[in-house]
Amino acid sequence: MKDFFKRLYPYIREYKLYFFYAILGVIMVAAASSASAYLVKPVLDEIFIKKDVTMLQILPFLVVLAYFSKGLGAYIQTYYMNFVGQDIVRQLKDVLLKKILTFEMEFFNRYRNGELISRITGDIGAVQSAVSNYFIEGIRESLTIVGLVGVVIYQSPELAFYGLVVMPLALYPIALIARKMRKASKRMQEKSADLYSKAIEIFNNIELIKASSGEKIEKEEFSKYNQDLFKLSMKTVRVSELTSPLMETLGAIAIAVVIVVGGHKVINDEISAGAFFSFVTALFMLYTPFKRISSLYAKIQIAFAAGERIFEMLDRKAKINDGAKELKEEVREIVFREVDLFYGEKQALSKINLKIHKGESIALVGSSGGGKSSLVNLLLRLYEPNRGSVEINGQNIQEFTQESLRAKVAVVTQRIFIFNDSIAKNIAYGSVVDEERIKEALCRARILDYVQSLPEGIHTILEEFGANLSGGQRQRIAIARALYKNPEILILDEATSALDNKTEEEFRDALSEVIKGRIVIIIAHRFSTVSLASMIYFFQNGRIIAHGTQEELSKNCESFREYYRNL
């Protein structure tokens, strides 16, 4: 508990005034609860036994005041603590996403999207319960217990001994329950992430599922995850709710003893009936906050388990760190020097030596898994080489900030990324929207006529994943995005794979003008696209086994000829 709130303290300390108001509300609730229990004595003794008319006029007003204060205090406490909890959760979501976005691609390959979303939403939601509800409720119930214990002891110290002895007896089993809850809660959050991931996987692949009649398979898989989560959820309920029957039983025993002992004292005129009923009322009221605080202690373990998962992410160090320099100068040369790259145990690139100068366009050719895209990923610093270096203008790219490096590069891949936003914002993604430049980029990508035919033109909203576009249209939007950026380094990774032959020919003609004065890296299978490159590098099993013009490779490299024969 101490570590949990210590980690949250930098966020909590900004709300000292709000906590002060909430604590005032808590004190009002605790004081009013104690007062309402105490007022039972004068109501019985002064009004019903002594028949005091003056007290009949005063005491009802005091009862109303006590309960009004209790309600007002509860409102103040609830409002301010929810404000604090909601705002801390808002900040935590921002901080956690910002942190996760600094991680390398290896991290994202290892974690499922659903699990990461679960940590940002589900886990942080559990922390909110601790900050908004559990924390302040614990304070409120503790102060209420203190106030009511004062009333109980004031009315009869002897009866207080019999009534309160149950409290320390309950601590040990409650501690055991809390430990079990923490373990079960962490497993439940992991299972919840599994279910979330499966749902996202289904919706992301719905076309394939429909086309393959895979609905039954996916439903069964989802049901399995759902059933596992249900079983674990019920286990946490079984464990956490044990506190209620435990406290009810122990409390009933204590009250029974108090009734027997106290009854004798009232009969023997040792205490008044009003004092006894005030004592019993306070005792009954006392078990409610004690039962609540026992239950809170078990439930807060869910927040602690969620906190561990959140802090695990916040404490993680990014494996790819920014350099100190801004890459402001023009990119004149890129060099890959003796580069090796491993994905886990698998070697993706081996001893790559490659030099590209400004104004040159090269093509990387080879079968899937040969290492072509891996080379591009190193240039973008999505991964780091295990050996060797990637250099720009003679400097290792690790010396540059990632933002300044990537500002020089535009990438069009076979996998198209479309955001649920306007065409204009999709084209200008990461930059300021300039409508004239957007139209120029769309024109060069051979899609301007189509966009202008839409009711809202460039301000038309694209659906998630660009579902209201064809595959070729999505690819042309991606090409326009790269052209809008006007990069010094242009990477085309199967950029024309979704275009028909006529459109590809038109785009290739436009591209021949665009690539002038830039460094262009083309990854493609089609001879038509590869022909734009002045030099071809042929990859096989992570190595460059040959390079030259298309004519030279066709003449001198049997593997290259065989590769194109098998396409």
A.B. asks: Could you walk me through whether Met105 and Asn377 pass the side chain to side chain contact (heavy atoms under 4.5 Å, CB included) check?
C.D. replies: CA-CA 9 Å; Met105 284 303 300; Asn377 288 339; over 6 Å; no

A.B. asks: Measuring from Asp322:CG to Ile320:CD1, what's the distance to the nearest 0.5 Å?
C.D. replies: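 One finds 10.5 Å between CG of Asp322 and CD1 of Ile320.
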
A.B. asks: For Ser197, which residues count as a side-chain contact (heavy atoms from CB on, under 4.5 Å) partner, sequence neighbours excluded?
C.D. replies: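 Result, side-chain contact (heavy atoms from CB on, under 4.5 Å) vs Ser197: Arg112, Glu115.
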
A.B. asks: Evaluate the ring planes of Phe538 and Phe560, with Trp represented by its six-membered ring, and classify them as parallel (under 30°), tilted (30 to 60°) or perpendicular (over 60°).
C.D. replies: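 Judged by the thresholds at 30° and 60°, the geometry between Phe538 and Phe560 is perpendicular.
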
A.B. asks: Taking only residues two or more places apart in sequence or in another chain, which ones pass side-chain contact (heavy atoms from CB on, under 4.5 Å) with Lys93?
C.D. replies: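 By the side-chain contact (heavy atoms from CB on, under 4.5 Å) rule, Lys93 matches Val89, Ile120, Ile124.
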
A.B. asks: To the nearest 0.5 Å, what is the distance between CZ on Phe336 and OG on Ser389?
C.D. replies: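 The CZ atom of Phe336 sits 10.0 Å away from the OG atom of Ser389.
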
A.B. asks: To check you understand the geometry: which heavy-atom pair defines the closest contact between Tyr111 and Arg119, and what is its length?
C.D. replies: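 Reported closest heavy-atom pair: CE2-NH2, 4.0 Å.
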
A.B. asks: Between the main-chain N or O of Thr549 and the side-chain N or O of Glu552, is there a donor-acceptor pair closer than 3.5 Å?
C.D. replies: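 Such a contact is found between Glu552 side chain and Thr549 backbone.
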
A.B. asks: Report yes if some heavy atom in the side chain of Leu469 is under 4.5 Å from a heavy atom in the side chain of Ile477; otherwise report no.
C.D. replies: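 A side-chain contact under 4.5 Å exists here.
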
A.B. asks: Applying the salt bridge (Lys or Arg N to Asp or Glu O under 4.0 Å) test to Asp315, which of Lys99, Arg7, Arg309 qualifies?
C.D. replies: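 Filter result, single survivor: Arg7.
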
A.B. asks: May I ask you to decide if Ser361's main-chain N or O and Ser534's side chain share a donor-acceptor pair within less than 3.5 Å?
C.D. replies: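 It does hold such a pair.
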
A.B. asks: Any non-hydrogen side-chain atom of Cys443 less than 4.5 Å from a side-chain atom of Glu440?
C.D. replies: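 The answer is no, as the side chains (C-beta and beyond) never meet within the 4.5 Å cut-off.
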
A.B. asks: Would you kindly say whether Glu333 and Asn393 are connected by a side-chain donor-acceptor distance under 3.5 Å?
C.D. replies: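 No, no side-chain donor-acceptor contact under 3.5 Å.
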
A.B. asks: Could you go through residues 478-490 and list every donor-acceptor pair under 3.5 Å that involves a side-chain atom there, pairing it with any protein atom two or more places apart or in another chain?
C.D. replies:
unit_1, atom_1, unit_2, atom_2, d
Arg481, NE, Asn426, O, 2.8
Arg481, NH1, Phe417, O, 3.0
Arg481, NH2, Phe417, O, 2.8
Arg481, NH2, Asn426, OD1, 3.3
Tyr484, OH, Val432, O, 2.4
Tyr484, OH, Asp434, N, 3.0
Lys485, NZ, Arg406, O, 2.8
Lys485, NZ, Val409, O, 2.5
Asn486, OD1, Arg518, NH1, 3.0
Asn486, OD1, Arg518, NH2, 2.9
Glu488, OE1, Val331, N, 2.6
Glu488, OE2, Lys408, NZ, 2.9

A.B. asks: Can you check whether Tyr537 reaches Ile352 side chain to side chain, under 4.5 Å on heavy atoms?
C.D. replies: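 The answer is no; the side chains never approach within 4.5 Å.
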
A.B. asks: Using a 3.5 Å distance criterion without hydrogens, assess whether the side chain of Ser404 forms a donor-acceptor pair with backbone atoms of Leu327.
C.D. replies: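 Between the backbone of Leu327 and the side chain of Ser404 there is a qualifying donor-acceptor contact (under 3.5 Å).
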
A.B. asks: Are Lys191 and Lys231 close enough that some pair of their side-chain heavy atoms sits under 4.5 Å apart?
C.D. replies: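 Contact flag for Lys191/Lys231 side chains = no.
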
A.B. asks: Do Ile521 and Asp493 have side-chain heavy atoms sitting under 4.5 Å apart?
C.D. replies: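 Result no, sub-4.5 Å side-chain heavy-atom pair not found.
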
A.B. asks: So how far is it from Leu442 CG to Arg437 CZ, rounded to the nearest 0.5 Å?
C.D. replies: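 One finds 12.0 Å between CG of Leu442 and CZ of Arg437.
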
A.B. asks: Only one of Val520, Leu354, Ile522, Ile536 forms a side-chain contact (heavy atoms from CB on, under 4.5 Å) with Ile362, so which one is it?
C.D. replies: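 Only one of Val520, Leu354, Ile522, Ile536 forms a side-chain contact (heavy atoms from CB on, under 4.5 Å) with Ile362, namely Leu354.
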
A.B. asks: Is Glu104 paired with Arg316 through a side-chain N to carboxylate O contact shorter than 4.0 Å?
C.D. replies: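 Yes.
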
A.B. asks: Is there any salt bridge (charged side-chain N to carboxylate O under 4.0 Å, His left out) pair reaching into residues 385-400, and which pairs are they, with sequence neighbours excluded?
C.D. replies: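 Listed once each, the pairs are Lys325-Glu399, Arg337-Glu391, Glu338-Arg387, Asp340-Arg387.
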
A.B. asks: Compare all side-chain heavy atoms of Phe539 with those of Leu364 and state whether any distance is below 4.5 angstrom.
C.D. replies: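 Answer yes - side chains close enough.
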
A.B. asks: Measure the spacing between OG of Ser431 and CD1 of Ile438 and express it to the nearest 0.5 Å.
C.D. replies: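 So the OG of Ser431 and the CD1 of Ile438 are separated by 9.5 Å.
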
A.B. asks: Tell me whether Gln473 contacts the main-chain N or O of Ser470 through its side chain, where contact means a donor paired with an acceptor under 3.5 Å.
C.D. replies: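 It does hold such a pair.
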
A.B. asks: Using the test side-chain contact (heavy atoms from CB on, under 4.5 Å), find all partners of Asn386 that sit at least two apart in sequence or belong to another chain.
C.D. replies: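 With neighbours one apart ignored, the set is Leu341, Phe342.
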
A.B. asks: Quick one: does Leu96's side chain get under 4.5 Å of Met313's, heavy atoms only?
C.D. replies: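 They are in contact (side-chain heavy atoms under 4.5 Å apart), so the answer is yes.
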
A.B. asks: Would you give me the side-chain donor-acceptor pairs under 3.5 Å for residues 219-229, sequence neighbours excluded?
C.D. replies:
unit_1, atom_1, unit_2, atom_2, d
Ser223, OG, Lys219, O, 2.8

A.B. asks: Does the separation of the ring centres of Phe108 and Phe103 fall below 6.0 angstrom?
C.D. replies: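 No, they do not, as the ring centres are separated by 6.0 Å or more.
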
A.B. asks: Starting from the C-alpha separation in whole Å, work towards a yes-or-no answer on salt bridge (Lys or Arg N to Asp or Glu O under 4.0 Å) for Arg561 and Glu558.
C.D. replies: CA-CA 5 Å; Arg561 292 196 298 271; Glu558 175 60 30; 2.5 Å; yes

A.B. asks: Which residue, Ile544, Leu349, Ile491, Val390, forms the side-chain contact (heavy atoms from CB on, under 4.5 Å) with Leu375?
C.D. replies: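 Of all the options given, the one that passes is Leu349.
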
A.B. asks: Tell me, with the steps shown, if Glu384 and Lys319 meet salt bridge (Lys or Arg N to Asp or Glu O under 4.0 Å).
C.D. replies: CA-CA 9 Å; Glu384 296 280 52; Lys319 292 183 180 178; over 6 Å; no

A.B. asks: Can you find a pair of side-chain heavy atoms, one from Phe400 and one from Gln395, that are under 4.5 Å apart?
C.D. replies: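 SC-SC contact between Phe400 and Gln395 confirmed.
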
